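Below is one structure, written out as structure tokens; the observations come after it.
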Amino acid sequence: MRIHWQSLCGGPSEADMVRLLLLLLLCTCASWALLRVPLRRAPSIRSQLRASNQLQYFLRDHHPDAFSRRYAHCFPAGTPSLHLGRSSEKLYNFMDAQYYGEISLGTPEQNFSVIFDTGSADLWVPSSYCVSQACALHKRFRAFESTSFRHDGRTFGIHYGSGHLLGVMARDTLKVGGMTVLGQEFGESVYEPGSTFVLARFDGVLGMAYPPLAEILGNPVFDNMMAQKGVEAPVFSFYLSRKSSGGGIDGELVFGGIDEALYNGPIAWLPVTAKGYWQIKMDSVEVQGVSSFCPRGCQAIVDTGTSLIAGPTNDILILQQLIGATATNIGEFLIDCARVSSLPRITFILGGMGYMLTAERYVRKEMLADRELCFSGFQAVDIVSPQGPLWILGDVFLSEYYSVFDRGQDRVGFAQARHPADH
């Protein structure tokens with residue numbers, strides 16, 4: 001907010017002074033209330049491996065989802081996006097595959113880039129004592145340099161497709177955007193498995209799922225934000241950009257509310273069906289308007305930490321055939337780029353509403369030398385739950401739909417994301 005000082009020249013009137021005091025009060029309130037986390041765009045792990053001729057070995061030795069997986073209140077229409085108790089973080093988009101932002105830990109601050117992952121509940125960053133190659137290529141936390149560090153002594157492990165990530169638990173001051181969280185529990189990794197994390201643009205992961213999903217004992221970050229009254233509403237929301245749109249912001253995570261400038265239309269809400277992942281019921285999946293998968297309903301995870309859309313192997317293999325995707329000897333599914341405009345639309349029915357993706361949205365295009373390759377945005381991942389096999393609505397879906405995660409009423413909301421190319 002700008003104050004036009006020229007209106008005060010020649011001596012302020014009483015009305016001017018009242019207006020000035022009100023403006024200063026509003027500025028002061030907004031400065032602590034809104035936290036935005038920027039997200040950056042980065043090249044995919046796949047494209048980096050391909051460029052170094054390592055892709056076939058990586059896909060041979062690791063599960064296709066090894067990197068992706070482990071790695072409000074209801075505001076009425078017209079609510080301003082700047083509101084008490086909200087803060088936003090810019091997110092950086094790397095090739096529509098990794099959306100990450102910046103945090104700091106310790107006193108003085110040590111900066112790290114992290115994936116804000118709704119599919120996990122732990123915060124971890126590399127330790128200065130880590131022995132893995134991945135740690136040598138990323139920023140490492142130096143506990144001995146932080147005056148606010150508190151050693152925990154317990155160990156933890158998180159299972160990834162390529163092996164177990166191991167570490168020790170600790171507590172320290174966390175800063176995300178303009179918000180400070182005191183005594184945040186987090187993990188210092190001392191061993192990061194395989195080559196999965198070597199080429200990642202981010203240093204660690206900040207999980208935003210429900211506490212039962214946590215491997216590290218203690219409150220997840222957003223639970224501490226709520227407990228310490230850092231957010232007025234128990235809500236956070238994601239906007240993920242598309243590299244094809246050009247311009248605009250890479251992405252944004254808002255703690256404590258929503259940013260109405262980044263979506264169109266009303267938000268449609270779905271109840272959480274199991275409080276671990278952000279899990280919801282999916283009515284069915286339609287191909288060109290015909291119900292083809294889970295016609296009697298199934299369960300889906302809303303997951304910012306997964307790049308693609310995933311589903312049970314049998315269903316995904318059929319879906320790949322329906323969109324003309326051909327399996328390669330390196331585990332990828334290729335699509336003829338010349339046929340993209342004629343491919344069927346895929347619609348996810350959630351809460352009786354259709355969320356449609358055209359081929360331009362579910363086909364991922366990458367350059368290999370001077371040749372354009374088109375890859376399917378779907379992958380097979382088998383996750384068993386008490387409610388049956390789970391689908392994963394990852395970044396391919398979430399870059400099309402603005403997503404809101406409401407811990408107060410245990411629900412997830414979607415609205416059409418507003419991209420620069422849409423205007």
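Note: hydrogens, waters and symmetry copies are ignored here, and every other heavy atom, side chains too, is used. These numbers come from a predicted model, not from an experiment.
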Check the pair Ser104 / Gln110 against side chain to side chain donor-acceptor pair (under 3.5 Å), numbers first and verdict last. CA-CA 5 Å; Ser104 69; Gln110 300 178 41; over 6 Å; no
Flag side-chain contact, heavy atom, 4.5 Å: [X] against [Y]:
X      : Y      : answer
Val221 : Met208 : no
Leu123 : Leu174 : yes
Val176 : Val181 : no
Met225 : Asp223 : no
Glu286 : Ile349 : yes
Ile309 : Gln379 : no
Asp152 : Glu185 : no
Pro344 : Ile323 : yes

Between [X] and [Y], how do the two ring planes meet: parallel, tilted or perpendicular, split at 30° and 60°?
X      : Y      : result
Tyr210 : Trp278 : tilted
Tyr362 : Phe378 : tilted
His164 : His159 : perpendicular

Distance-minimising heavy-atom pair for [X] and [Y]:
X      : Y      : value
Cys374 : Val363 : CB-CG1, 3.7 Å
Gly276 : Ala209 : O-CB, 3.3 Å
Leu165 : Ser189 : CD2-CB, 3.9 Å
Val285 : Met282 : CG2-CE, 3.6 Å

Side-chain donor or acceptor of [X] paired with backbone N/O of [Y] under 3.5 Å:
X      : Y      : result
Thr118 : Val302 : yes
His138 : Phe202 : yes
Gln228 : Leu182 : yes
Asp117 : Gly305 : yes
Thr155 : Val168 : no
Asp303 : Gly119 : yes
Ser385 : Gln387 : yes
Arg418 : Leu262 : no
Thr107 : Ser146 : no
Tyr99  : Ser241 : yes

Distance check, rounded to the nearest 0.5 Å: Leu137 atom CG versus Ser132 atom OG?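 Between atom CG of Leu137 and atom OG of Ser132 there are 10.5 Å.
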How long is the span from the NZ atom in Lys281 to the OG1 atom in Thr273, to the nearest 0.5 Å?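 Interatomic distance, Lys281 NZ to Thr273 OG1, rounded to 0.5 Å: 9.5 Å.
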Asp283/Arg296 salt bridge by N-O under 4.0 Å criterion: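 Judged by the 4.0 Å cut-off on N to carboxylate O distance, Arg296 and Asp283 do not form a salt bridge.
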Chi angles and distances behind the side chain to side chain donor-acceptor pair (under 3.5 Å) call for Asn264, Gln416: CA-CA 5 Å; Asn264 296 314; Gln416 185 73 47; over 6 Å; no
Would you say the ring centroid of [X] lies under 6.0 angstrom from that of [Y]?
X      : Y      : value
His419 : Tyr239 : yes
Phe238 : Tyr402 : no
Phe333 : Phe375 : no
Phe414 : Phe397 : yes

Take Asp406 and Arg411 through the test salt bridge (Lys or Arg N to Asp or Glu O under 4.0 Å) and record every step on the way to the result. CA-CA 5 Å; Asp406 186 346; Arg411 59 184 182 171; 2.9 Å; yes
Give the intermediate values and the outcome of side chain to side chain donor-acceptor pair (under 3.5 Å) for residues Asn219 and Gln184. CA-CA 8 Å; Asn219 281 336; Gln184 176 62 51; over 6 Å; no
Could you walk me through whether Thr306 and Asp395 satisfy the side chain to side chain contact (heavy atoms under 4.5 Å, CB included) test, starting with their C-alpha distance in whole Å, then the side-chain angles of each, then the deciding distance to 0.1 Å, before giving a yes or no? CA-CA 6 Å; Thr306 294; Asp395 297 340; over 6 Å; no
In sequence, state the C-alpha distance, the side-chain angles, and the governing distance for Leu393 and Leu350, and then conclude on side chain to side chain contact (heavy atoms under 4.5 Å, CB included). CA-CA 11 Å; Leu393 300 178; Leu350 305 169; 4.2 Å; yes
Pair Asp203, Arg140 - check salt bridge (Lys or Arg N to Asp or Glu O under 4.0 Å), show working. CA-CA 8 Å; Asp203 304 308; Arg140 293 182 283 181; over 6 Å; no
From CA spacing to verdict: side chain to side chain contact (heavy atoms under 4.5 Å, CB included), Val404, Phe236: CA-CA 6 Å; Val404 186; Phe236 58 87; over 6 Å; no
Going through the distances and angles, do Lys275 and Asp410 end up as a salt bridge (Lys or Arg N to Asp or Glu O under 4.0 Å)? CA-CA 8 Å; Lys275 298 178 186 178; Asp410 296 316; 3.0 Å; yes
Has Gln133 got more than 12 heavy atoms of other residues, nucleotides or ligands less than 6.0 Å from its CD?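 Result for CD/Gln133: open.
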Taking everything shown except Asn314 itself, do over 12 heavy atoms lie less than 6.0 Å from its CG?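 No, because the 6.0 Å sphere around CG of Asn314 holds 12 heavy atoms or fewer from other groups.
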